[in-house]
Protein chains: 2
Amino acid sequence: MNDVASDGILTREKILEAAEEVLRRFGPSKATVVDVARALGVSHGSVYRHFPSKAALRDAVLERWLHRITEPLEEIVRGRQPAPERLRLWLEQLMAVKRRRALNEPELFATYISLAGDAREVTKAHVDALIDQATRIIADGVKSGTIMAKDAGVAARSVFDATARFHNPAHAGEWADPAIDQAFEGVWALLKAALTARSGPKRR
Amino acid sequence: MNDVASDGILTREKILEAAEEVLRRFGPSKATVVDVARALGVSHGSVYRHFPSKAALRDAVLERWLHRITEPLEEIVRGRQPAPERLRLWLEQLMAVKRRRALNEPELFATYISLAGDAREVTKAHVDALIDQATRIIADGVKSGTIMAKDAGVAARSVFDATARFHNPAHAGEWADPAIDQAFEGVWALLKAALTARSGPKRR
DNA sequence: GGACTGACAGGTTTCAATATCTGTCAGTCC
DNA sequence: GGACTGACAGATATTGAAACCTGTCAGTCC
């Protein structure tokens with residue numbers, strides 16, 4: 001009995017693909033390594049040759065999945081709009097992607113949420129990548145004078161934190177509320193005001 | 001067999017007290033109406049004379065519990081500090097209370113969190129009460145010229161949303177992170193800048 | 001007569017026995 | 001000889017029967 005998937009060689013990539021499909025179908029609580037192996041026509045022992053544990057496999061799947069969020073955002077980061085506008089576009093796109101995934105891939109989204117409790121590393125790396133993107137936009141704005149910020153990195157993290165309700169999966173349940181867009185407008189108005197204010201220390 | 005608690009009359013208030021104690025001890029998943037009745041030395045049927053359902057009882061307990069959060073904050077709302085300072089104090093106090101409760105009353109806190117999924121009414125009322133407090137502070141600041149905002153209510157809701165990470169129970173797990181205070185400082189700096197900026201439309 | 005009881009139906013939770021899963025490794029097979 | 005298998009121990013999940021809970025109501029008891 002030897003029929004490693006379609007054409008014979010078991011690669012890390014093939015396992016990841018099958019594992020993602022299994023996770024998508026069964027969800028984080030029901031997906032097993034045995035299922036993944038079965039999908040590949042392989043014994044589960046073989047999977048352990050490529051990944052040290054189920055957790056490592058799951059993390060790798062999610063890393064890939066999260067990378068597919070950050071990657072398209074790069075295009076916006078490198079855009080030519082004025083930085084404040086670009087930051088807003090970036091936030092909108094981020095929110096849109098998260099909401100789309102919460103709707104269309106609920107099982108993987110649930111896996112992502114449950115991950116926050118377990119291995120925080122992958123999640124943290126994802127957040128860091130996003131904040132890095134925001135930092136680049138803001139630094140760009142500072143350089144061209146469209147944004148005021150002492151430290152682009154701190155400002156980016158603060159913008160990310162302040163908009164948590166709109167992109168953090170912990171709030172996914174609230175995204176159905178139609179008032180959410182209005183709420184974002186309110187927060188964005190404050191952030192924009194803060195970032196584009198004519199600066200200088202407060203004067204009483 | 002007739003020994004209604006200590007001194008004979010079963011009141012709504014006594015039931016609430018006992019129910020809170022039971023919830024505190026057993027948590028939201030294990031507390032039962034029978035437990036509450038047992039604690040009062042009463043049959044569970046009697047409890048249903050005062051509350052139409054277990055959910056209604058649980059909601060009433062939480063309403064009381066949440067009221068004990070908003071009430072002490074009133075003192076700050078009515079304080080004499082300049083509005084921006086008062087808003088900051090109010091936020092700090094709010095965060096402190098939430099964190100203290102998450103630590104000291106984990107079972108009731110868990111009940112509160114689980115409530116977000118079920119009956120949203122009580123939670124919503126609590127949020128509305130908090131936003132009303134923030135609105136009063138901001139309106140006060142607008143009146144005395146220390147805060148710039150077109151609509152105090154909108155600004156208050158936005159401040160509340162932007163600081164969700166620091167007081168929303170969905171983020172309770174992150175409150176242990178020592179970087180959380182620094183993160184709050186960053187967000188507060190933006191909010192303060194936005195609310196105290198010398199206003200006027202952006203001029204390029 | 002009105003607050004309280006206790007037995008009840010239908011639904012949910014618990015518990016322990018059974019099945020499945022994870023991670024390992026000696027052995028098979030090209 | 002290196003990728004893969006399959007049997008294994010210990011841990012985790014599933015299952016079905018029994019126990020328990022919710023919500024109701026006719027009836028008891030001051």
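Proteins get letters first, then strands, A, B, ... in listed order; numbering begins at 1 in each.
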Cationic N near anionic O, under 4.0 Å, B:E85 to B:R80: no
Residues in side-chain hydrogen bond (donor to acceptor under 3.5 Å, both in side chains) with [X], at least two apart?
X: B:R68; answer: B:E20
X: B:E63; answer: none
X: A:D140; answer: A:R86

Measure the distance from [atom1] on [X] to [atom2] on [N] and round it to the nearest whole Å.
X: A:L10; N: D:dT5; atom1: CG; atom2: P; result: 8 Å
X: B:L40; N: C:dT5; atom1: CG; atom2: P; result: 10 Å
X: B:K14; N: C:dA3; atom1: NZ; atom2: P; result: 15 Å
X: B:L57; N: D:dG23; atom1: CG; atom2: P; result: 10 Å
X: B:H50; N: D:dT24; atom1: NE2; atom2: P; result: 15 Å
X: A:I15; N: D:dA3; atom1: CD1; atom2: P; result: 12 Å

Base versus backbone protein contacts along nucleotides 17-22 of chain D [heavy-atom cut-off under 4.0 Å; B, S, -]: ----SB
4.5 Å side-chain heavy-atom contact, A:H167 and A:F160: yes
Summary of side chain to side chain donor-acceptor pair (under 3.5 Å) pairs that have at least one residue in residues 145-154 of chain B, sequence neighbours excluded: B:S144-B:T146
For DNA chain C, the dot-bracket pattern of Watson-Crick and G-U pairs whose distances stay under 3.5 Å, | for other-strand partners: ||||||||||||||||||||||||||||||
A:R157: salt bridge (Lys or Arg N to Asp or Glu O under 4.0 Å) partners, not counting sequence neighbours: A:D128
Earlier contact from the 5' end, DNA chain D, for A:S43 and B:R49: A:S43
5' priority, DNA chain D, between A:K30 and A:S46 [closest heavy atom]: A:S46
Determine all donor-acceptor pairs shorter than 3.5 Å in which one atom belongs to a side chain in residues 93-101 of chain A; sequence neighbours excluded.
unit_1	atom_1	unit_2	atom_2	d
A:K98	NZ	A:Y112	OH	3.0
A:R101	NH1	A:W65	O	2.8

Ring pair (Phe, Tyr, Trp, His ring centres under 6.0 Å) partners for A:H44, two or more places apart: none
